Amino acid sequence: MIRFMAGKLLEAAIAIWGVVTIVFFVSRVLGDPAVLLLPLGATDAQLEALRASLGLDQPILVQYFSSLGAMLRGDFGISFQHMRPALDVVLERMPATAILAFSALVLGVLIGAVAGTIAALNRGKLAELIVMSAALLGQATPVFWLGLMLILFFSVQLGWLPSAGSGTWWHLILPAITLAVFVSASIARLLRSSLLEILGEDYVRTARAKGLLPQTIFTWHVARNALIPVVTMIGIIAGELLGGSVVTETVFGWPGVGRLIVQAIQNQDFPVIQAGVAVVAIIFVFINLAIDLLYGVLDPRIRGER
Amino acid sequence: MGDFFASLVKSRSGLFGFVLLTLLVLVAIFAPLLGLASPIRGDLLARLSPPTWTGPFNPGPHPLGTDEVGRDVLSRIVHGSRLTLMIAATAVVLGGVVGTLLGIAAGFYGGIVDRVLMRLVDIQLALPLMLLALLVVAALGPSFNNLIIVLALTSWIRYARIIRGQVLSLREREFVQSAHAIGASTVRIMLRHILPNVLTPALVVATLELARIIIMDAALSFLGLGVQPPSPSWGRMLADGRVYISTAWWIVTFPGLTILLTVLSVNLLGDWLRDYFDPKLRTSR
Amino acid sequence: MSATTLLKVSDLQKTFGGKGGLLGRGRPEVRAVDHVSFEVRQGETLGLVGESGSGKSTTGRVLLQLEHPTGGEIEFEGNRLTGLSKSALKPFRRKMQIIFQDPYASLNPRMTVGDFVEEPMIVHRLVGGRAERRARVAELFDLVGLDPSFARRYPHEFSGGQRQRINIARALALEPSFIVADEPITALDVSIQAQIVNLFQDLQERLGLTYLFIAHDLSMIRYLCHRVAVMLRGKIVEIGPTEAIFANPQHAYTRALLSAIPVPDPDVESQRHAIAFDYETQKSPDGAEMRPVGPDHYVLA
Amino acid sequence: MAPLLQIRNLTVEFSTRAGTLHAVNDVSYALEAGETLGIVGESGSGKSVHALAMVGLIPTPPGRIVSGEVLFEGVDLLKLPERELRDIRGRKIGFVFQDPMTSLNPVLTVGRQIMEPLRRHLGLSAAKARARAIELLDLVGIVDPARRIDQFPFEFSGGMRQRVMIAIGIACDPKLLIADEATTALDVTVQAQILELVRDLKKKIGTTVIWITHDMGVVAGLADTIQVMYGGRIMERGPVRSVFKDPRSAYTWGLLRSLPGKLTAADQRLYQIPGSPPNMIHPPAGDPFAPRNEFATERCLREVPPLLQVGAGAPGHMAAAWYDLPAALENKGYA
Amino acid sequence: MMKLMKSALAGTTVLAGLSFSLAASAADLTIALSNPVNTFDPHMTASVGSDLSVLSHIYPSLILRGPDLALQGNLATEWTLVDDTTWHFTLREGATFANGEALDAEAVKWNLDRVRDPELQARVASWFSLVSEVNVISPTELEVKTSSPYPAFADQLSMFLLLPPQWTEENNPVTATMAGGPYQVRNIVPGESVILEPNPEYFGDPAEFDTVTFQVIPETGGRIAALLAGDVDLVTGIPVTEVDRINQSGNATAGAVDSTRNVMIKFNTTVPPLDNVTVRQALNYAIDKEGIAQALFNGLAQPAQCQVLSSNYFGFNPDLEPYPYDPERAIQLLAESGADLSQPIVFDVPAGVYLQGTEVAQVVASQLTDIGLNIQITELEFSVYMNKYLQSRELAPLSLLAQAWPTIDADGLLTLFAPGNNYAYWDDADFGAALDEGRSSTDPAVREAAYKTATEVMCEQAPAIFLYTQPATYAYSNDVTWTPRGDDWVRAFDMHPAE
């Protein structure tokens, strides 16, 4: 078990290092933030001075290793744009991202679980067709379009919900729904196929041969096993929601990390790009580590192998 | 092959997807022959004209209206199908080839090759796709080719993971062992015995990826990183038209519907393919 | 029967798992083949029996270098096979072939069976042109009792017995002298098993083949094999002429195995009492060696 | 006294992509209480499907029971609503399936899986069910049952798992135990132990058993009655000794003859049944075995023979054959 | 690690503050911004549209630019040009920051010194690079000397916000604030909103709103929706098509005024074929500026008069006439030019930066295609564009560019085309000479004459296609009144609650 955890942690560390390294070098290709930081009409000398003060005049490998060393100490540098530690800038946006991702995930998984179950248990019937078509629609709808439509309907037409911002719980509803649509569509489809697969397993037949009640069979023999791939999927989706809900955050003016990183990319604010991506990667990696452990709970075979 | 079509006809949703997709591909191929207005050059005076059938006010022959620079929306959707399908198909093929080959290599050789690949997959998973796409487009500069590279980059792991799993089980299959036993070269084993047997799962992934990539193109366009104007792609049309969502609904609605139908048909076809190739649903003998 | 040794195995070992690399999961070491020595003689059928996990299939695979042995040596026609490179091994591949258990998994579903049978000839550049190879494929089909016109079909169109014939045809394409048959009839319908067993015997007579016939029960072995080796947990516990083994089993495990065969005769069955074997209490002591108990008959004691 | 189980004209089909698969065709037989019936047949013979179909365990669709009656203690199971059928399954009819690896739920402890039918059908409390489960494990020969009850299936060997399956099958003292290829996946020595266990249990609890297998040898030592199935039909049926000694169906005879007996010398060839098992999507028109039967008459190819009492055989020995096997054997020169 | 925890905790407390309440009253004002406030240090940002607009509520300046774009006093009551290089300021008496710190000449000097301190690398330092000396005469009198004439100094000061010196020494102005302007910070949600409340210590007119919220809504559609839904009171930068719709809704007033931002297709005259003046002129003939202004902007954009200045700039040349739309002439000129036009001409367009920029670019490209050119549009991130422009110095032959100079003075915008300027990509000695002449004096008449010459040269030599003045579009709710303005400032103290 300790060996297993150590291996997993090492894998996690490699993943985070890889992410940080890729982002470092790709973002350095973007160019030079100095031209964006100074007002129109700045002279070359002024640009040079700024570059030097930001440490951008160093050879790229020197920059890489010094920033890698600093990152190990939790120091991602001072944001070029915000003028304060990049990590602070990222962390103060994290709660907003976390709460949106969490709500969307919970909502999406709940809806997806119900829909996927209905579809699987009604194979070949109208209910399956309806649910699966809805899931397909959910996956075929561009997020920004859905978001704008929700705003137009619920905010402008009905005036029920606020259109932008994150001030109150009301603000959470529309962006969470927008993201949940996609999440639930993925979950519903995966759960359906997973359930269908499990329904064909021999041990489900055994359970039926034991004369167990359908609800018992479903809960303990089918759902319990069908959950395992769904849990993996949730881990991946959680990662996408953490850093990838840029579009939703933009449409709803939600102050999340995704949009922060996008802005940092647009402004070439390297420290913030670096810190943002690293934080997202770390959280993702740890979520998946937790999921690996959860596997052991769900599936005793894995526990046995450790 | 006969069995394939017979089964396709029996599955109504699969047939629906197949027919629709075929139709789309045909439209894409023959787009220039359909005699539509130019998708590139607009009539500024006819800017934002509503679809012909919505009222008497529309002067021009624009069945689905015109866009923000006065171009025929129908023509743009039709011509957009070429670009959209080309981007999606190329990205799917590129991601598919890379992912499949890496998946085969990892599954076949195992050991260090496999571990390196799995770590790469970890890295890619930990890096949100949208941010990666943004970074890469921003770094490489936007162009048709770079767009495809980015989309393929976001796509390859899905193939690699599934193919790797397939190869892991194929590798132990007896016909592969038998190929080793006759002294067949590694290349031969991969090309003749492994590859043909992972094409089906790869194809199923490809259909799902095609749909995802079309949507992704829209999202990238939303962030200003899509296809270069004035070339029409559906995602780009949708993204550019979004400001007019309440004043000129047709600019977004029609490309949106087209995307929806395409994704729907590709998904239906993909689902059907998966069922068709699922050994559990197939009767043996 | 000629007594020339075709294949000689000395102190063969194969272990799985055990080493945990930097990122590898440490798994307990499994000794699939544990210091095994035996020989296969020209023209004979040597039966290798044992329960699942006894290492009998692994032994077969290691013989053909499909798995690399952890230790020990294999000599074929006086040549050492162990440690040879892939290319150095290639000439021997012609002479040694393997037939697997599962007739469904052993054919490539995406290849016509004709192509599948032809493949070894292409790999070894055996027969000149394509037409010649095709003619040879037809010959092979004939030899195993299949209609040569089936060559263009795909595996899913064939029944289990036919598939096993195709596998045999492929193995024969290289005109090998030695064939490892790894449970070749276990997965077949009962009514088909005799067909395949007969085919094995016919081919042995006509082509002078030598077989290592791997099985988990002794009923077919007795009929088919000249000599039998009994494997238990990676070790050969008894080896000897078939009749000697059946008439005079020496090892407790062999006796248990023999007593466990269900006999299709109600009178015999109703009298029968299976002999139990408990590995933990009856296993051979650590320093055990093969001891002769009769002519050509050895037991681990 | 009426038989425990009476099956009449059971016909089961499956819809497949290639067409309708005729899995079970017009099968009728009766089973007395306390009897052990061995059903022998190869894959696709309909032996497993008919057993699953009678208690509603085949997936529908694609499966479909076309016609027939299954009277169990006088009640037609096929007419019972699923709700009532559930009360019979596991309570009055127990099952043991082929592959103990896949037939046990990998994520639940074996104890829980044994306790499930006890709690469901007998309404036992958790503690009582547990105590009974330990008893059952002990009964099927698992050492240290109180500890092993909390283990998961993957912690058991194949033979031990099959013992667990049997414990589940007999948990509620069923009237009928159906074992479907229960020893096929096991090693011969383990198979022998399981067979011994079943013989033992029969003595102890006297359950009626249907033992489905493809191995003639297994049936020989276990069953009172043997029933040979082929192509979805019963080819022959009767007291074990009578059928083994005096088979009247060419298929039964062929099977027995093709096995390597003591007497078959190494230089002699085994008898081999020619051809391949029938394609049940397009089954032969007459006797399903006719195309492979060297004794088949014209009529065999055209018309399905009825299952009739064999004139000279033991009571209850029935065969479906238009030909007279002993005479045909003599004609062809088989001893 | 400790820091990490602290930041995370700070974030959670923000979340804990979430509640289900939607407060809105007449005296509450919400202004939509498209970009978040990144830093609260007014010397570390030059972004008027977001950072400086918000900060101008918190920190005072010497001089303000009113909605009419004229300068008016704030802390300074009077400012005079003593000679060409000496400015004299008179300040209000008794003004203080909220913490009681004096807002006097010392404080102003401290601020001017701070921004020019090379250690600090203040982002706006370049605005004051000509300042050579700051002398405090008395608490209310200040003298500033410049190294050369700097006629736009007063205009530049309208963007210069004043920090409390002593407080700044003790606090980090990047995150903390200490009000000296009409409002003070009540709450900040990073990346989303800044909520202000009146500063009771403000020296000027008292604030009219109980709260002022700056709400970030990046998406244009979202901003309009928020206005129509009544969630915000003022939005800017909306597409012109929305103007009528919003007016029809009855809930808000929408419109446009000329901005100070002038849209052009900038040429890279250092590469062929645009090194050829005939080609450049031909391109100017090829574009229907009037048509674009009418069709794409519903007439709300003012076609450019053959210069990069709009009429609100000092130095605007009213006598210049735009190149007429004459594709025939353009084709003819191209033929005469002798330039090799066989290669595709790359046209860079920064994505999502300019109002309807993509649309304009497509129309321009289409009209250039009409005269036989092979135009290839590349949309790129603004940052990437700027790097091409200034860092790698590989500006595309054509690029869509809109420039504004915050002091609304010809000198600034025209200097961007001056010979040797890194923004220019054009080298014309006559133009340079005219600019030098303008810069050598503070006499408006002399300067005006110089810029007249300069714009004439520029029109003739055509280093760009002069398109139009970008309209400053806006919409505000019926709950407030506001005087629309052409520059980027959005300020609550320009607004009043509606009657």
Side-chain angles (χ1 to χ4, degrees), chain C residues 45 49-54 145 158-162 186-199 201-202 205 215-226 232 242-243 246 253 256-277 279, chain D residues 40-45 157-159 183 185-193 195-196 199 213-224 226 230 239-245 251 254-262 264-277 279 289 292:
Chain C
T45 304
V49 282
E51 63 189 13
S52 49
S54 63
F158 294 93
S159 69
Q162 289 171 318
T186 310
L188 299 178
D189 279 326
V190 188
S191 67
I192 301 300
Q193 293 184 351
Q195 297 179 0
I196 300 300
V197 167
N198 285 347
L199 180 60
Q201 283 203 313
D202 287 343
E205 270 172 25
H216 70 273
D217 83 86
L218 280 160
S219 50
M220 274 299 176
I221 293 276
R222 178 169 199 181
Y223 166 71
L224 195 65
C225 300
H226 305 100
L232 173 67
T242 308
E243 281 319 309
F246 275 76
Y253 179 65
L257 209 53
L258 278 172
S259 75
I261 306 169
V263 181
D265 183 333
D267 295 332
V268 177
E269 277 291 303
S270 58
Q271 300 306 313
R272 191 170 65 99
H273 192 78
I275 301 166
F277 175 78
Y279 178 77
Chain D
V40 180
E42 43 200 32
S43 52
S45 64
S157 70
T183 58
L186 305 176
D187 284 318
V188 267
T189 48
V190 180
Q191 166 172 283
Q193 290 161 18
L195 292 176
E196 202 117 347
R199 273 192 286 262
T213 178
H214 65 271
D215 190 331
M216 296 292 260
V218 168
V219 172
L222 195 69
D224 305 316
I226 179 170
Y230 186 85
V240 167
R241 188 158 277 111
S242 175
V243 172
F244 273 93
K245 298 295 178 201
Y251 178 61
L255 278 187
L256 288 169
R257 178 97 188 187
S258 70
L259 298 173
K262 246 186 233 167
T264 325
D267 53 346
Q268 234 179 321
R269 287 291 176 269
L270 291 174
Y271 175 78
Q272 66 183 55
I273 299 172
S276 309
N279 175 349
F289 187 61
R292 303 174 68 188

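Keep in mind the model is a prediction, meaning the values are calculated, not measured.
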Handout entry: D/Glu42/C/Ser191 under side chain to side chain donor-acceptor pair (under 3.5 Å): CA gap, chis, key distance, verdict
Key = CA-CA 8 Å; D/Glu42 43 200 32; C/Ser191 67; 2.8 Å; yes
Problem - Residue among D/Asp215, D/Asp187, D/Val240, D/Val219 with most heavy-atom pairs under 4.5 Å to chain C - result: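 It is D/Asp187.
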Handout entry: Which of D/Met216, D/His214, D/Glu196 touches chain C most, by non-hydrogen pairs under 4.5 Å
Key = D/Glu196
Problem - Gap between atom OG1 of C/Thr45 and atom OH of C/Tyr223 - 0.5 Å precision - result: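 The OH atom of C/Tyr223 sits 11.0 Å away from the OG1 atom of C/Thr45.
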Problem - Euclidean distance, D/Asp224 CG relative to D/Arg241 CZ, rounded to 0.5 Å - result: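 Nearest 0.5 Å value for the CZ-CG distance: 10.5 Å.
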Do you know which of [options] has the most heavy-atom pairs with chain D at a distance under 4.5 angstrom?
{"options": "C/Gly145, C/Ala194, C/Gly53, C/Ser259", "value": "C/Ala194"}
{"options": "C/Asp265, C/Ile192, C/Asp267, C/Ile261", "value": "C/Asp267"}
{"options": "C/Gly161, C/Ser52, C/Gly50", "value": "C/Ser52"}

Practice task
Taking C/Ser159 for its side chain and D/Ser276 for its backbone only, find out whether a donor-acceptor pair lies under 3.5 Å.
Solution key: no
Handout entry: Nearest non-hydrogen partners of D/Gly217 and C/Pro262, listed with the distance
Key = C-CB, 3.4 Å
Exercise for the section: Compare every heavy atom of C/Thr242 with every heavy atom of C/Ile221, then report the nearest pair and how far apart it is. Expected result: O-CG2, 4.3 Å
Exercise for the section: Below 4.5 Å from any heavy atom of chain D, which atoms of C/Val197 appear? Answer side chain, backbone, both or neither. Expected result: side chain
Exercise for the section: Select one option (side chain, backbone, both, neither) describing which atoms of D/Tyr271 are under 4.5 Å from chain C's heavy atoms. Expected result: backbone
